[in-house]
Amino acid sequence: MDFLSPRDKDGHGTHTASTAAGSPVEAVSFHGLAAGVARGGAPRARIAVYKSVWPSSGGWRAGTTATVLAAIDDAIHDGVDVLSLSLVAEENSFGALHAVQKGIAVVYAAGNLGPARQVVSNTAPWVITVAASKIDRSFPTVITLGNKQQIVGQSLYYEEDSSPPRRGFKLLAFGGLCSSSALNATDVRGKIVLCASLLASLLEPFPLALRNVLNGGGVGIIFAQYTTNLVDATADCKGIACVLVDLDTANLITLYMGDARSPVAKIAPARTVTGEEAVAPKVAAFSSRGPSINYPEVIKPDIAAPGASILGAIKDAYVIGSGTSMATPHVSGVVALLKALHPNWSPAALKSAIMTTASVSDGRGMPILAQGMPQKIADPFDYGGGHINPNKAADPGLIYDIDPSDYNKFFSCNFMKSVQCNATMLPGYHLNLPSIAIPDLRHPITVSRTVTNVGEVNTIYHAEIKSPPGVKMDVEPAALVFNAANKVITFKVKLSPLWSLQGDYTFGSLSWHNDQKTVRIPIAVRMTIHDFYADVA
């Protein structure tokens, strides 16, 4: 089923590698969509590929702790600078800590189990855990009804030059859930089928609905869904027209069908729109969310990067793919560039530069949103420090650095006879991370952070405090004065609960700013009064 070498048969590794460090390629597209120049984040970097995940008979990609550890071990031996792991395995970053202590930055995917909470993977504090975002590119697809009303959905629907045109009006049929049983009672042959139900996208996912419509002889499918990321599924609709719509527009089509004696519609091929028409970035619905179960005293994920409908190389073509697997190499490419720019920076410094300069606002200055049910304003458990801003990360002003040996003070790690890194010795929130997470605030807690000035030598940074609701936050000192003799300063953050209750997480931030720079870290706090309290009701 696969090559017994790093050669990629599946395509996943090629896609991610081209994003991290692919050479510039002119005039690429997916059948005319997303056209332009494709270029990896660090196109002059060398890529070493280690195959640690293999296809299995069930169609899933399978890896084990052993295969991932072996790959990391080989990469350390070969002298790599950055490890990009677009995978989830029960490895829990034991090998990753070994790599970090060798000076190698490790970038991991957060996983694709969102928008549920507490499902984020690869959450060790010494790695960079990457969430996925949507970018300012969409693929509007026009549906024209028989009354000349036009409704715009989204898809990757295209027509091959060699295929017969399918743009004419076709009869519309209502398929409800578009399950096999629902379509058994409906004549859909030669028709465009509307799959519209409040439960359609939950009980009968698009690929199953598509198969049922095809089996019934349908020539098109209009699929209604909650706001989520399914557009990739329309890349191959097996020769029929297809488009995704939301529940509002599906209702408009349903009303038209109820009024018309012989309702008809036609679906035009998708086109590409980039720029201000799309609200971006947004945290993608599938992106796994925090808090971390294994390390609740560490905010995870760390950063968000483009991961929805990303054009990347597979075999001799470019295709569109989505997932935190696609977001991870965006960050890996940035880390490679930062490491070239600052060769003496530690993995923790690189992570700090990326997190503290991240954006929490979209292109119009509005708060970044996180897709889900319902959509909401994003918080640190959606995107960590925010959305990556590579140019600002190159010159962050201040960094929160960590000596790799310091991790051993907080996490008992034994690489000899047994491997364990999840036995906490000290509260993890005392680690010098570019974030603060207190999962059990019952009384005032003071944590220290140390920042190193890597910008203008003589400068003063002032604190800007945004306390989490229900928490009083004090910072001492309120100003950091740097000069040639004073490049490293430690400050203290005191967090005090305003009430005694079994609460949920609330969020805030601490920013240090001077005339040119703003260095921001996210803060997440949960007030509690009980140990081991199951929040299930």
Side-chain angles (χ1 to χ4, degrees), residues 1-17 19-21 47-113 119-132 288 292-295 298 300-302 307 323-332 335-336 347 351 404 407 411-423:
M1 296 176 62
D2 206 336
F3 303 107
L4 294 176
S5 77
R7 183 181 175 188
D8 180 20
K9 186 176 183 181
D10 175 89
H12 181 273
T14 305
H15 196 286
T16 53
T19 299
I47 301 175
V49 178
Y50 305 88
K51 185 180 288 184
S52 60
V53 179
W54 301 77
S56 64
S57 57
W60 295 92
R61 305 176 184 100
T64 68
T65 300
T67 60
V68 175
L69 287 173
I72 293 175
D73 199 39
D74 283 349
I76 293 171
H77 178 269
D78 293 341
V80 303
D81 295 292
V82 183
L83 275 169
S84 186
L85 292 96
S86 289
L87 55 86
V88 173
E90 295 299 325
E91 187 270 324
N92 208 25
S93 293
F94 310 132
L97 177 57
H98 200 50
V100 167
Q101 292 180 335
K102 296 283 188 179
I104 301 169
V106 180
V107 187
Y108 251 126
N112 303 321
L113 297 177
V119 294
V120 63
S121 298
N122 303 318
T123 58
W126 43 85
V127 305
I128 302 173
T129 308
V130 184
S288 289
S292 165
I293 293 176
N294 292 326
Y295 301 99
V298 179
K300 289 287 178 171
D302 295 302
T324 53
S325 283
M326 284 69 224
T328 299
H330 281 83
V331 176
S332 302
V335 170
K351 175 179 174 178
Y407 295 114
F411 305 95
S412 178
C413 297
N414 183 348
F415 294 100
M416 304 301 289
K417 295 180 180 179
S418 63
V419 183
Q420 288 184 329
C421 285
N422 57 358

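Given the structure is predicted, the values throughout are model-derived calculations rather than measurements. FYI, the numbering just counts along the sequence from 1.
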I would like to know whether Leu4 and Trp54 meet side-chain contact (heavy atoms from CB on, under 4.5 Å); could you show each step before the answer?
-> CA-CA 10 Å; Leu4 294 176; Trp54 301 77; 4.2 Å; yes
Val331, Thr129, Val130 screened by side chain to side chain contact (heavy atoms under 4.5 Å, CB included) with Asp302, the one that passes = Thr129
Check: Lys300 side chain, Ser121 main-chain N or O, donor-acceptor pair, under 3.5 Å | no
Is there a side-chain contact between Val298 and Thr123, using heavy atoms and a 4.5 Å cut-off?
-> no
For Lys51 and Gly13, indicate whether the former's side chain and the latter's backbone hold a donor-acceptor pair under 3.5 Å.
-> no
Please report the shortest heavy-atom distance between Ala327 and Ala132, naming the atom on each side.
-> CB-CA, 3.9 Å
Roughly how far, to the nearest 0.5 Å, is the OG atom of Ser332 from the CG atom of Leu85?
-> 8.0 Å
List the atom of Ala131, the atom of Pro301, and the distance in Å for their closest heavy-atom pair.
-> CB-CG, 3.7 Å
Identify the two heavy atoms, one from Ala124 and one from Tyr295, that lie closest to each other, and give their separation to 0.1 Å.
-> CA-CE1, 3.6 Å
So, the side chain of Asn122 versus the backbone of Ala110: is there a donor-acceptor pair under 3.5 Å, distance only?
-> no
Compute whether any side-chain donor of one residue and acceptor of the other, for Thr324 and Asn112, lie under 3.5 angstrom apart.
-> yes
Heavy-atom check, side chain of His98 versus side chain of Ile76, under 4.5 Å = yes
Closest heavy-atom pair and its distance - Leu97, Tyr407 | CD1-CD1, 3.8 Å
So do the side chains of Thr328 and Thr16 get within less than 4.5 Å of each other, counting heavy atoms only?
-> no
Is a donor on one side and an acceptor on the other found under 3.5 Å between the side chain of Asp8 and the backbone of Thr14?
-> yes
Separation of Asp73 CG from Asp78 CG (nearest 0.5 Å) | 9.5 Å
Shortest non-hydrogen separation from Ile47 to Ala17 and the atoms involved = CD1-O, 3.7 Å
If only atom types and distance count, is the side chain of Thr67 paired as donor or acceptor with the main-chain N or O of Ser52 below 3.5 Å?
-> yes
Taking C-beta and beyond as the side chain, do Leu113 and Val88 meet within less than 4.5 Å on heavy atoms?
-> no
Shortest non-hydrogen separation from Ala75 to Tyr50 and the atoms involved = CA-OH, 3.5 Å
